[in-house]
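Presented below is the structure to which this report refers.
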Amino acid sequence: MKVDIISIFPDYFAPLGLSLVGKARTTGTLDLAVHDLRTWTHDVHRTVDDSPYGGGPGMVMRPEPWGQALEAVAGPGATLVVPSPVGKPFTQADAYELAALDHLVFACGRYEGIDQRVIDDAADRMPVREVSLGDYVLFGGEVAVIVIMEAITRLLPGVLGNADSLTEESHAAGLLEAPVYTKPAAWRDREVPDVLRSGDHGRIARWRRTESLLRTAARRPDLFAAYPPEHLDKQDRKA
Ligand SMILES: N#Cc1c(-c2ccc3ccn(Cc4ccncc4)c3c2)n[nH]c1N
């Protein structure tokens, strides 16, 4: 997978050189490049922002540098991903969709955002997805891109040592995962549930399923309500 990130803070993406994302880059699974938007400015001050038409607080990112940057970076087959407070909430399903694409270009806005004409102009040439991490406000898109890149990279072939992890984890099947435990069996007078030490894989699977349903119902009633009833069996309905 080829990924290009455009930002006025390219150093923000140093974390993408670490751990499993860094390994994916080293092995060639992920071809990631970060670009400084100011490369496409031509004034002595390398200006990327200006005051908003219609007035209001803050500054808006100028269209000219973005237009030239996207023309240079987003070739045929690219999908533009724009983190934004007004974007579609980013979900695991989105991570799977993006992980299946050949080339992603991330546009990291700052200030009050990017001139809307940049998004509209790009949409004439490529798919554009405006996404939001959640209902809170960040300073810019960089943190969102780091989160999205981690969510995508772990879905790429060979990145996770045990691909089975993907099938049981939270949100993979629309539910939250069950609690996890490891040694010691007793810690501060708290015991690991006996079923998990029973060796009875059928019982363990059932216990995890029940805990997953109960946890989802308690913490994410929205996910629980959306969970297809046909995916619930008789045992689930007793939970
Ligand atoms: N994804 C995502 C986001 C952002 C986000 C993303 C890109 C930009 C660019 C600029 N800003 C700052 C800003 C802009 C407009 N209104 C208020 C603040 C951003 C915020 N905030 N919250 C999220 N979940």
Side-chain angles (χ1 to χ4, degrees), residues 1 3-16 21 30 32-41 45-74 78-101 103-123 126-155 170-171 176 219-220 222-223 226:
M1 163 176 264
V3 175
D4 288 283
I5 302 171
I6 305 169
S7 166
I8 60 172
F9 294 118
D11 294 347
Y12 231 100
F13 299 97
L16 296 182
V21 177
L30 176 62
L32 174 67
V34 181
H35 310 270
D36 185 341
L37 178 67
R38 295 187 197 273
T39 303
W40 291 278
T41 61
H45 299 296
R46 312 195 76 190
T47 310
V48 293
D49 64 307
D50 205 333
S51 54
Y53 273 119
M59 303 292 274
V60 173
M61 299 195 91
R62 296 172 52 231
E64 298 96 329
W66 277 110
Q68 292 175 30
L70 292 176
E71 281 168 355
V73 171
T79 293
L80 178 63
V81 181
V82 185
S84 166
V86 299
K88 172 186 175 294
F90 183 78
T91 66
Q92 187 69 1
D94 295 314
Y96 274 103
E97 289 176 21
L98 294 182
L101 299 178
H103 185 197
L104 300 179
V105 176
F106 288 95
C108 296
R110 279 273 157 169
Y111 309 103
E112 296 304 313
I114 301 171
D115 186 299
Q116 182 60 41
R117 292 169 292 181
V118 173
I119 312 298
D120 298 343
D121 177 68
M126 71 193 86
V128 177
R129 299 174 73 136
E130 288 188 79
V131 298
S132 170
L133 286 195
D135 294 340
Y136 42 82
V137 183
L138 303 171
F139 280 120
E142 285 80 6
V143 166
V145 170
I146 291 173
V147 168
I148 293 167
M149 275 308 302
E150 185 155 310
I152 290 170
T153 303
R154 61 195 304 279
L155 302 178
S170 292
H171 305 290
L176 302 184
R219 298 182 184 183
R220 291 295 303 273
D222 57 316
L223 290 180

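When a ligand or atom number is given, it counts from 1 through the structure's own listing order. No hydrogens, no waters, no symmetry mates; every other heavy atom, side chains included, goes into these values. Numbering of residues begins at 1 and proceeds along the displayed sequence.
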Close-range residues for ligand 1, whose non-hydrogen atoms fall below the 4.0 Å threshold: Pro83, Ser84, Pro85, Gly109, Arg110, Tyr111, Glu112, Val131, Ser132, Leu133, Gly134, Tyr136, Val137, Leu138, Phe139, Gly140, Gly141, Ala144
Neighbour count >12 (heavy atoms, 6.0 Å) for atom CD, Glu150: no
Other residues, nucleotides, ligands: >12 heavy atoms within 6.0 Å of Tyr53 OH: no
Thr79, Leu32, Val81 screened by side-chain contact (heavy atoms from CB on, under 4.5 Å) with Phe106, the one that passes: Val81
Check: Asp94/Thr91 side-chain N/O donor and acceptor closer than 3.5 Å: yes
Passing option when Trp66 is tested against Ile6, Asp115, Val48 for side-chain contact (heavy atoms from CB on, under 4.5 Å): Ile6
Set of residues satisfying side-chain hydrogen bond (donor to acceptor under 3.5 Å, both in side chains) with respect to Asp222, sequence neighbours excluded: Arg220
